[in-house]
Amino acid sequence: MRLSIFWRLVLTSLVIIAVMGGVNLYALYQLRQLTVMSTEMAMLHYPAVESAKRLLGSLYVQLNSEKKYLATKDTAFLTNLNEEVEEFRRSLQQMVGQEHSPQGQSLLQETSRLLQERLVLFQEGFRKGDGAASEALLGYEAQRDLLMDRMSSSIQGYIDLHEARVSVGVSESRASAVQAEAVTQQLVLVALVFGLGLAGIASYTILRPLRQLQSHIKEIGQGKFGQPLQITAPTELKDLVDTVNWMGAKLQELDDMKSEFLAHVSHELRTPMASIQEGTHLLLDEIPGPLVQDQRTTLRIMADSCRRLIHLISTILDLSKMEAGMMEYRIVPVDLKRVSEISINKVRLLADSKHVQLLIEDSGERVWVKADAARIEQVLDNLLSNALKFSPEGGVVKLHMAPDVQAGVLEVGVSDMGPGIAADDLPYIFERFYQGRTKAKSSSAGSGLGLTLAKKVVEALGGRIWIESEVGKGTTVRFILRLAKQGKAKGL
């Protein structure tokens, strides 16, 4: 079952939220435990300690009132004593009702029992009155002080019990807080790693088919239709993949139709034009019979037009192949100096007829570049033909080559002394059929395809081409190609 992108993102988000929610619940639970401990200390132990300390204070007040009464027999001190004893009894009963621990209950009950014994002892001593012998009074005070000490010890034990529990509670709270902090940090780290892992997996399952689809589309753009793309992808992307595969199949059909059309055009146009050209040459050679001057002139015009038409058809077909991505290049180390000499020899007769001087400016050494020899020769043919077409009689056309070993490139330039190109025309000079406003004076008009073809070839070989021109002073077309390694060049 393939999940859509929406549900993948939703489920991933829900899992991450659930994990982070679990971490938060654990932190809240630990916080609640700490709150319970703090509440217990604040509501139970601290009030119990304070009440016990008040009982101790009450004992000392009772003892002081009793001593004053025995010394002065003033009933006011006896009244104070009874009030303190009553208050002590009420506080003690309240503490017994609030105490939940057996040990605390035992201490408080022991204190209550000792209080009762002390009151009985006081009543017996009170009934003896003034006639009591001093020895009997001393015995009473000794028993009383013993009971008071035991009551104080019992109450102090109760205080120590609760203070110990407070100390234990504080220690447990501190330990629990430290443990909770450590566990929470670990859980947060695990949750982050888990969340990032889930997010990464979800992103990968979405981005991976997208990258594969992008690569497939690039191959289609390069004319490599190949096999349809078969990938595992979410529903939305699967629909997109099916659409791209359908587009590739349609483009393959169009490409096959284009190949068939180009082959048909190439055969149907070149074959009859070649026959016309050969027949014209046979007539010029007077094979069928002698010609008069007017007939010879007409045949020469026909031969020249036929040659130009064949060249134009070849250029258009080459451009169509390049734009369709069907042009094949055999890129090998090429001796560009030898190729340039071949191109110059092709146009030398035309240069001589116009009295234009052809010059090659180079270092004198062989220069090897990575190129297709036939295509780069075609580029030089077009550039030299253009330079001669726009050069005035007695002018100079230069072909110069300047290798840059550090950059690993060779710069080639073809310059003339023609009328130049207007600045407004330069941005469009490489467009198909564009000839600008500058026309050659003595030669027939061109097709406007030579520079377009040159640009496509140079760029296909990994180079760059541009034009430098100044009106009235001439034009220079420059392009750069990658230098071939010396070891490969020498091995040819």
Side-chain angles (χ1 to χ4, degrees), residues 25-67 69 78-127 139-184:
L25 287 176
Y26 174 79
L28 289 175
Y29 172 76
Q30 293 297 327
L31 182 62
R32 184 176 179 83
Q33 292 295 105
L34 293 175
T35 303
V36 170
M37 292 181 182
S38 300
T39 303
E40 183 179 359
M41 288 187 289
M43 300 295 293
L44 179 61
H45 298 301
Y46 286 124
V49 170
E50 293 298 324
S51 298
K53 287 182 178 180
R54 283 197 298 271
L55 290 181
L56 283 177
S58 178
L59 282 179
Y60 294 129
V61 171
Q62 292 175 35
L63 181 61
N64 189 33
S65 297
E66 182 181 347
K67 287 180 179 180
Y69 170 74
L78 181 59
T79 301
N80 291 338
L81 175 61
N82 291 332
E83 290 177 354
E84 287 294 332
V85 170
E86 189 63 27
E87 180 66 24
F88 185 90
R89 183 181 287 110
R90 285 197 301 268
S91 298
L92 186 59
Q93 289 177 352
Q94 185 178 4
M95 291 173 63
V96 170
Q98 294 176 349
E99 182 62 40
H100 302 292
S101 66
Q103 190 175 1
Q105 288 278 355
S106 176
L107 290 172
L108 292 177
Q109 289 174 1
E110 177 68 15
T111 302
S112 179
R113 186 184 65 77
L114 292 173
L115 175 64
Q116 192 64 31
E117 288 184 10
R118 179 182 173 281
L119 291 177
V120 171
L121 180 64
F122 176 75
Q123 292 296 333
E124 291 176 355
F126 181 75
R127 284 196 300 269
Y140 165 76
E141 290 179 350
Q143 291 180 7
R144 180 199 64 192
D145 291 343
L146 179 60
L147 289 174
M148 293 291 289
D149 290 341
R150 291 174 64 186
M151 289 176 65
S152 299
S153 298
S154 179
I155 295 173
Q156 187 63 47
Y158 182 80
I159 293 174
D160 293 341
L161 173 65
H162 281 277
E163 286 183 344
R165 289 180 177 175
V166 169
S167 178
V168 171
V170 170
S171 299
E172 289 179 353
S173 298
R174 185 180 295 111
S176 179
V178 172
Q179 181 181 5
E181 181 181 2
V183 173
T184 303

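Residues Leu55 and Ser91 come closest through the heavy atom pair CD2-CB, 3.8 Å. Closest heavy-atom contact between Leu81 and Arg118: CD1-NH2, 4.2 Å. Nearest heavy-atom pair, Ser58 versus Glu84, reported as atom, atom and distance to 0.1 Å: OG-OE1, 3.3 Å. Shortest non-hydrogen contact noted between Met95 and Ala52 is CE-N, 3.8 Å.
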| Working for side chain to side chain donor-acceptor pair (under 3.5 Å), residues Ser112 and Arg89 | CA-CA 8 Å; Ser112 179; Arg89 183 181 287 110; over 6 Å; no

| task | Report the C-alpha separation of Glu117 and Arg113 in whole Å, then their side-chain angles, then the decisive distance to 0.1 Å, and conclude whether the salt bridge (Lys or Arg N to Asp or Glu O under 4.0 Å) test is met. | result | CA-CA 6 Å; Glu117 288 184 10; Arg113 186 184 65 77; 2.4 Å; yes

| said: Test side chain to side chain donor-acceptor pair (under 3.5 Å) on Asn82 and Glu86; report intermediate values, then the result. | reply: CA-CA 6 Å; Asn82 291 332; Glu86 189 63 27; over 6 Å; no

| said: I'd like to know whether Lys67 forms a salt bridge (Lys or Arg N to Asp or Glu O under 4.0 Å) with Glu141, so could you lay out the CA-CA distance, the side-chain angles of the two residues, the decisive distance to 0.1 Å, and finally the verdict. | reply: CA-CA 10 Å; Lys67 287 180 179 180; Glu141 290 179 350; over 6 Å; no

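Under a 3.5 Å cut-off, the side chain of Gln105 and the backbone N or O of Val96 do form a donor-acceptor pair. With hydrogens and angles disregarded, no donor-acceptor distance shorter than 3.5 Å links the side chain of Thr111 to the backbone of Ser154.
The structure places CG of Leu92 at 9.5 Å from CD of Gln109, a figure rounded to the nearest 0.5 Å. Rounded to the nearest 0.5 Å, atoms OG (Ser152) and CD1 (Ile159) are 9.5 Å apart. Distance CD/Glu87 to CD/Gln62: 10.0 Å, rounded to 0.5 Å. A distance of 11.0 Å separates CG in Asp149 from CG in Leu114, rounded to the nearest 0.5 Å. With rounding to the nearest 0.5 Å, the separation of OG in Ser51 from NE2 in His162 is 9.5 Å. Between atom CG of residue Leu121 and atom CZ of residue Arg144 there is a gap of 8.5 Å, rounded to the nearest 0.5 Å.
With hydrogens and angles left out, the side-chain atoms of Tyr158 and Glu99 include a donor and acceptor closer than 3.5 Å.
The number of heavy-atom neighbours closer than 6.0 Å to CD of Gln156, taken from other residues, nucleotides and ligands shown, is above 12.
With sequence neighbours left out, Glu83 forms a salt bridge (charged side-chain N to carboxylate O under 4.0 Å, His left out) with no residue at all.
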